[in-house]
Peer 1: 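Here it is, the structure in full.
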Amino acid sequence: MLENLGEFKRDFYCGDLTEANIGEEVRLVGWADSVRDHGGVIFINLRDREGIVQIVIDPSKSPKEAYEKAKKVRSEYVLAVRGRVNKRPEGTENPKLKTGNIEVEVDQLKILNTCDILPFPIEDGIQVSEEVRLKYRFLDIRRPSMFQNLLIRHEVYQATREFLVGNGFMEVETPMLTKSTPEGARDFLVPSRLEKGKFYALPQSPQLFKQILMVAGIDRYFQIVKCFRDEDLRKDRQPEFTQIDFEMSFVDEEDVMAITEGLVQHIFKKVLGIDIKLPIKRITYQEAMEKYGTDKPDLRFGLELKDITDIAKEVDFKVFRTVAEEGGLVKGINIKGGAKLSRKEIDELTEFAQKLGAKGMAWIKINEDGSLNSPIVKFFTDEQINKLIERMEGEKGDLLVFIADKPEITYKVLGHLRNHIAQKMGLIPEGKWEFVWVVDFPLLEWDEEENRLVALHHPFTSPKEEDIQKLDEAIENKDIALQFKSRAYDLVLNGEEIAGGSIRIHRPDIQKKIFQLIGITDEEAEERFGFLINALKYGAPPHGGLAFGLDRLVALMRGTESIREVIAFPKTQKGICPLTEAPDFVDKSQLEELGIEVEIPENEG
RNA sequence: GGAGCCGUAGUUCAGCUUGGCCCAGAACGCCGGCCUGUCACGCCGGAGGUCGCGGGUUCGAAUCCCGUCGGCUCCGCCA
């Protein structure tokens, strides 16, 4: 039954046929999207990546051979068709199809391939488990919305190259087999056959190479590049992901941010036809934390955090007062119109807060008649309550919620609560693109577990110029170091971090001091980053750059929750590819060649 | 490492709380027949299940208990 393509050549994509083609003899190829056999006339919707066109096999008009073959066609059979484009008979037009006014009357039909029973229909809006979709990704991608996801992604690549090349950037590839570096995420390791016992690491980012390219005088580098981090997965995190990575020499923050803004504007205009207004607003890290409880604030809605620690110090409510007196933070959110929430809904918010580490959530409901409902007001004097409500800008119909805890917890819980409430109350407007730069990050933070300072961004980020003079002092006194600000900047879109970068350290003496600050000894620094320090010694220009999380950017542009939707072959939460079933065991001989022995835990394998 | 939700025909799900009426049922899909203008074609008939896996409780388990595997979401982690 199956035939070869032979000399057959396609003239058009199915979806590209229009009424202008009426009367033409055309050759089409594609998949049988649906088959409607009336016993006499047979209709087949033929689909390719550009769309669908109806083909008609009428026993009174089409050759008998074509008709007999058409009877055998099932969903997703691969067909080659020759026929005449006709205007559809009056009254049989289908407005749902772009090609709904025409059809192709078949005079030759080839069945090029058959198709097994489908695990799910090839159409948008299906309800199928993601696991099944990933296993049959080749079918999943036949669905128009998935095709569109990959197409938009492709267009983002093109727009990126167009803009960056137009601005003098040069694409340079950096190695995938490289050196493991401490700090940062867990590395994926690749054993070396020629140097037994040694390992390459897959790059977490091209960071060090792009800096070295600046030393090499490339001046403006970019790359659309895979990066690898062996950490636990999330809907916005895959073990391999793509960055738009660039770096520039002889620049400051303003230069890098200007290029970034230009790139964003170009991508949105070119791919979505949307005008992004520049410049993008900026807020400091400190302001972001104080107002939004996070360094990636979603500015599409209000619900700003208000500090009431000073009031809390004076009240009889122990939970507030103790926290306030012991250096903690008491902050609240005014949920406008939240008084309509039921006790059960408030309890759910409390539960949400507790899951994130809060001990509890205090709340005050301001009823429409002005009376208060709250488990905590009894601990307050009237004066204190009034002060509190005034601070919170509370009005009739509002619900005030409060978290009192260590600053990290208060910020984290309220930051999450803020997003949660906005979503729950439907406060997030559709179609809004709220970009914001977050700047003036701390250079370092204290790592409780390792009992040392660690870089917030990465250890190659330059401190602010005024802090560089205090480096020696800071090495003696970590409190000074914790005051340092970095020359880093993050770009946030609708509450998601989509890009981040910094001005780097280009002087070896400063780089060494930073390593010293974060507890990396000279020997360690030499062993792990010696090549960078060495390069900095040979006329490294001042430089800085930035990297976009391309997957997140495309996911936002497509309005999908998970980056898996915009990656052709993503992995599950356990890092498994359901399509290939990677990772998998390898032959013993392969391991022997690498000089590797594997211990398999008992309950596995 | 931890928490929550989920796992039953090809697919999506019902049944599980309160074990027996379930050698498990629906829809879509699939197969066969009929049907000459449909486009979610229609009508008639049919096939299809290790109830994720293992163990336990019980006269009896899809249902209760324990363990385990997998999927998703979240915390930790992700410079």
Side-chain angles (χ1 to χ4, degrees), chain A residues 33-46 52-62 67 74-76 86 88-97 99-100 103 105 115-123 125-136 139 181-187 204-205 207-208 227-239 241 351-352 354-358 409 412-413 416 420 441 443-445 447-449 453-461 486 488 497 500 502 514 518 520 547 549 561-562 564 571-574 576 578 603-604:
Chain A
D33 191 68
S34 65
V35 184
R36 295 174 297 282
D37 182 347
H38 287 257
V41 66
I42 298 170
F43 300 99
I44 297 173
N45 280 359
L46 193 65
I52 289 173
V53 69
Q54 171 166 283
I55 64 171
V56 190
I57 304 96
D58 188 327
S60 67
K61 293 174 187 162
S62 299
Y67 179 71
R74 298 290 178 270
S75 284
E76 298 305 307
N86 289 336
R88 285 203 192 188
E90 183 117 17
T92 66
E93 299 87 354
N94 183 359
K96 288 182 201 158
L97 290 184
T99 62
E103 60 190 14
E105 188 186 308
C115 177
D116 277 0
I117 296 171
L118 296 165
F120 51 82
I122 311 300
E123 63 193 29
I126 52 168
Q127 286 203 331
V128 196
S129 74
E130 198 175 346
E131 200 182 359
V132 173
R133 287 177 52 207
L134 292 182
K135 183 172 176 188
Y136 296 93
L139 296 177
T181 50
E183 297 286 302
R186 197 175 293 114
D187 284 321
Q204 294 178 27
S205 81
Q207 181 61 36
L208 299 177
C227 303
F228 306 86
R229 292 176 194 176
D230 189 6
E231 296 294 347
D232 286 358
L233 281 64
R234 292 281 193 282
K235 65 180 176 190
D236 62 350
R237 270 163 39 188
Q238 283 273 304
F241 60 99
E351 207 179 308
F352 180 89
Q354 283 171 332
K355 274 185 196 156
L356 289 163
I409 302 278
K412 177 178 147 194
V413 172
H416 280 90
H420 181 73
F441 280 85
L443 182 72
L444 304 159
E445 62 186 343
D447 187 318
E448 290 286 349
E449 253 172 57
L453 291 167
V454 293
L456 194 76
H457 194 61
H458 58 55
F460 319 107
T461 301
S486 76
E497 184 195 326
S502 62
I514 293 292
I518 60 175
I520 296 180
E561 275 283 305
S562 159
R564 294 186 299 271
K571 294 178 175 58
T572 67
Q573 201 159 47
K574 282 263 162 71
I576 289 163
N603 55 355
E604 288 171 36

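Since this is a predicted model, take the numbers as computed values, not measurements.
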Peer 1: Using the C1' atom as the point on both nucleotides, what is the distance between B/U17 and B/G10, in whole Å?
Peer 2: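 Those two atoms are separated by 30 Å.
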Peer 1: Donor-acceptor pair, distance only, cut-off 3.5 Å: does the side chain of A/K235 make one with the backbone of A/E561?
Peer 2: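 Pair absent, no side-chain N/O of A/K235 close to backbone of A/E561.
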Peer 1: Considering residues at least two apart in sequence or located in another chain, which fulfil the salt bridge (Lys or Arg N to Asp or Glu O under 4.0 Å) criterion with A/K355?
Peer 2: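 Partners of A/K355 by the salt bridge (Lys or Arg N to Asp or Glu O under 4.0 Å) criterion come out as none, since no residue qualifies.
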Peer 1: Measure from CD on A/E561 to C1' on B/C74 and round the result to the nearest Å.
Peer 2: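 In whole Å, B/C74 C1' and A/E561 CD are 13 Å from each other.
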Peer 1: Would you say B/G71 has OP1 or OP2 under 4.0 Å from some side-chain N or O of A/K135?
Peer 2: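 False: A/K135 side-chain N/O out of range (4.0 Å or more) of B/G71 OP1/OP2.
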Peer 1: Is the side chain of A/R88 donor-acceptor paired with the backbone N or O of A/G100 at a distance under 3.5 Å, no angle test?
Peer 2: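 At least one qualifying donor-acceptor pair exists.
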Peer 1: Just the rounded figure in Å: distance from C1' of B/U73 to CD of A/E131.
Peer 2: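 Rounding to the nearest Å, CD of A/E131 and C1' of B/U73 are 15 Å apart.
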Peer 1: Applying a 4.0 Å non-hydrogen cut-off, can you work out what A/R133 is touching in the nucleic acid: base, sugar-phosphate, or nothing?
Peer 2: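 It contacts nothing in the nucleic acid.
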Peer 1: Across all strands, who's sitting opposite B/C78 as a Watson-Crick or G-U wobble pair, both distances under 3.5 Å?
Peer 2: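 The answer is none; no pair meets the criterion.
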Peer 1: Mind checking side chain to side chain donor-acceptor pair (under 3.5 Å) for A/D187 and listing every partner two or more places apart, or none if nothing turns up?
Peer 2: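 Scan of A/D187 (side chain to side chain donor-acceptor pair (under 3.5 Å), adjacent residues dropped) gives A/S180, A/Q204.
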Peer 1: Side chain to side chain donor-acceptor pair (under 3.5 Å) with A/Q54: which residues, sequence neighbours excluded?
Peer 2: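 A/Q54: side chain to side chain donor-acceptor pair (under 3.5 Å) contacts with A/R36, A/E103.
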Peer 1: Reading nucleotides 1-16 of chain B 5' to 3', which nucleotides get B (base under 4.0 Å from a protein heavy atom), which S (sugar-phosphate only), which -?
Peer 2: B--------SSS----
Peer 1: Atom CG of A/D447 and atom C1' of B/G76: how far apart are they, to the nearest Å?
Peer 2: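 So the two atoms are 12 Å apart, to the nearest Å.
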Peer 1: Output all residues satisfying ring pair (Phe, Tyr, Trp, His ring centres under 6.0 Å) with A/F460, sequence neighbours left out; order by chain, then residue number.
Peer 2: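 For A/F460, the residues satisfying ring pair (Phe, Tyr, Trp, His ring centres under 6.0 Å) (neighbours in sequence not counted) are A/H458, A/F529.
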Peer 1: Going by the rule ring pair (Phe, Tyr, Trp, His ring centres under 6.0 Å), which residues pair with A/F228 if we only count those two or more places apart in sequence or in a different chain?
Peer 2: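 Testing A/F228 for ring pair (Phe, Tyr, Trp, His ring centres under 6.0 Å), a comparison that skips the adjacent residues, returns none.
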Peer 1: May I ask you to say what A/S205 touches in the nucleic acid, namely base, sugar-phosphate or nothing, with a heavy-atom cut-off under 4.0 Å?
Peer 2: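 A/S205: base contact, heavy atoms under 4.0 Å.
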Peer 1: B/C35 and B/A40: how far apart are their P atoms, nearest whole angstrom?
Peer 2: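 The same atom, P, in both gives a distance of 24 Å.
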Peer 1: Does B/U63 have a Watson-Crick or wobble mate here (both distances under 3.5 Å), and if so which one?
Peer 2: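 B/U63 is paired with nothing.
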Peer 1: For the pair A/Y67 (side chain) and A/V41 (backbone), establish whether a donor and an acceptor sit closer than 3.5 Å, ignoring hydrogens and angles.
Peer 2: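 No; zero donor-acceptor contacts below 3.5 Å.
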Peer 1: If the P atom of B/G19 is compared with that of B/A27, how far apart are they to the nearest Å?
Peer 2: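 It comes out at 29 Å once rounded to the nearest Å.
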Peer 1: Test of understanding: with side chain to side chain donor-acceptor pair (under 3.5 Å), list the residues that count as partners of A/Q238, not counting sequence neighbours.
Peer 2: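 For A/Q238, no residue satisfies side chain to side chain donor-acceptor pair (under 3.5 Å) once neighbours in sequence are set aside.
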Peer 1: In whole Å, what separates the P atom of B/C51 from that of B/U63?
Peer 2: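 Their P atoms lie roughly 10 Å apart.
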Peer 1: What is the pairing partner of B/C22, taking Watson-Crick or G-U wobble pairs with both distances under 3.5 Å in any strand?
Peer 2: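 Partner of B/C22: none found under 3.5 Å.
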Peer 1: List the residues meeting salt bridge (Lys or Arg N to Asp or Glu O under 4.0 Å) with A/E445, not counting sequence neighbours, and say none if there are none.
Peer 2: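 None.
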Peer 1: Just by distance, do the side chain of A/E93 and the backbone of A/G91 share a donor-acceptor pair under 3.5 Å?
Peer 2: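 Such a contact is found between A/E93 side chain and A/G91 backbone.
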Peer 1: Paired with B/G32: which nucleotide, if any, by Watson-Crick or G-U wobble criteria at under 3.5 Å for both distances?
Peer 2: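 Its partner is B/C44.
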Peer 1: Which sits closer to the 5' end of RNA chain B, A/R237 or A/K574, going by the nucleotide each is nearest to?
Peer 2: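 Of the two residues, A/K574 wins.
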Peer 1: Quick one: look up who B/A27 pairs with, Watson-Crick or G-U, both distances under 3.5 Å, and put none if it's unpaired.
Peer 2: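 In the structure as shown, B/A27 has B/U11 as its Watson-Crick or wobble partner.
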Peer 1: To the nearest 0.5 Å, what is the distance between CD1 (A/I42) and CG (A/D37)?
Peer 2: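 Reported to 0.5 Å precision, the distance equals 4.0 Å.
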Peer 1: Base contacts versus sugar-phosphate-only contacts with protein, heavy atoms under 4.0 Å: please encode nucleotides 34-45 of chain B as B, S and - from 5' to 3'.
Peer 2: -BBBBBSB----
Peer 1: Could you pull out all residues at least two apart from A/E130 that satisfy salt bridge (Lys or Arg N to Asp or Glu O under 4.0 Å)?
Peer 2: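 Listed in chain order: A/R564.
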Peer 1: Quick one: A/E445 CD to B/C78 P, roughly how many Å, whole number?
Peer 2: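 For the pair A/E445 CD and B/C78 P, the rounded distance is 9 Å.
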Peer 1: I'd like the C1' distance from B/C64 over to B/G46, given in whole Å.
Peer 2: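 My reading of the C1' atoms in B/G46 and B/C64 gives 37 Å.
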Peer 1: Under 4.0 angstrom, heavy atoms only, what part of the nucleic acid is A/L456 near: base, sugar-phosphate, or nothing?
Peer 2: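 Sugar-phosphate: the residue A/L456, judged by heavy atoms under 4.0 Å, touches backbone atoms but no base.
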Peer 1: Using the C1' atom on both, measure B/C31 against B/A14 and round to a whole Å.
Peer 2: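 B/C31 and B/A14 have their C1' atoms separated by 25 Å.
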Peer 1: A/D187 has an atom CG; how far is it from atom C1' of B/C78, in whole Å?
Peer 2: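 It works out to 12 Å between those atoms.
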Peer 1: Expressed as a whole number of Å, how far does the C1' atom of B/A47 sit from that of B/U57?
Peer 2: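 Each nucleotide's C1' atom is 37 Å from the other's.
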Peer 1: Between B/A9 and B/C53, how far apart are the P atoms? Round to whole Å, please.
Peer 2: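 Going atom to atom, P in each nucleotide, I get 10 Å.
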Peer 1: Name the nucleic acid region contacted by A/K412, choosing base, sugar-phosphate or nothing; use a 4.0 angstrom heavy-atom cut-off, strictly under.
Peer 2: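 Sugar-phosphate contact only.
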Peer 1: Please list, for nucleotides 51-53 of chain B, all pairs of protein and nucleotide N/O atoms separated by less than 3.5 Å.
Peer 2:
none

Peer 1: In this structure, how many angstroms lie between the P atom of B/U73 and the CG atom of A/L233, rounded?
Peer 2: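 These atoms are roughly 9 Å apart.
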Peer 1: For B/G70, give its Watson-Crick or G-U wobble partner with both distances under 3.5 Å, or none.
Peer 2: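 Partner of B/G70: B/C6.
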Peer 1: Starting at CG of A/L356 and ending at C1' of B/C74, how long is that distance when rounded to a whole Å?
Peer 2: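 Rounded to the whole Å, the gap is 8 Å.
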Peer 1: Tell me every residue that passes side chain to side chain donor-acceptor pair (under 3.5 Å) with A/R133, counting only those two or more places apart in sequence or in another chain.
Peer 2: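 For A/R133, the residues satisfying side chain to side chain donor-acceptor pair (under 3.5 Å) (neighbours in sequence not counted) are A/D140, A/E565.
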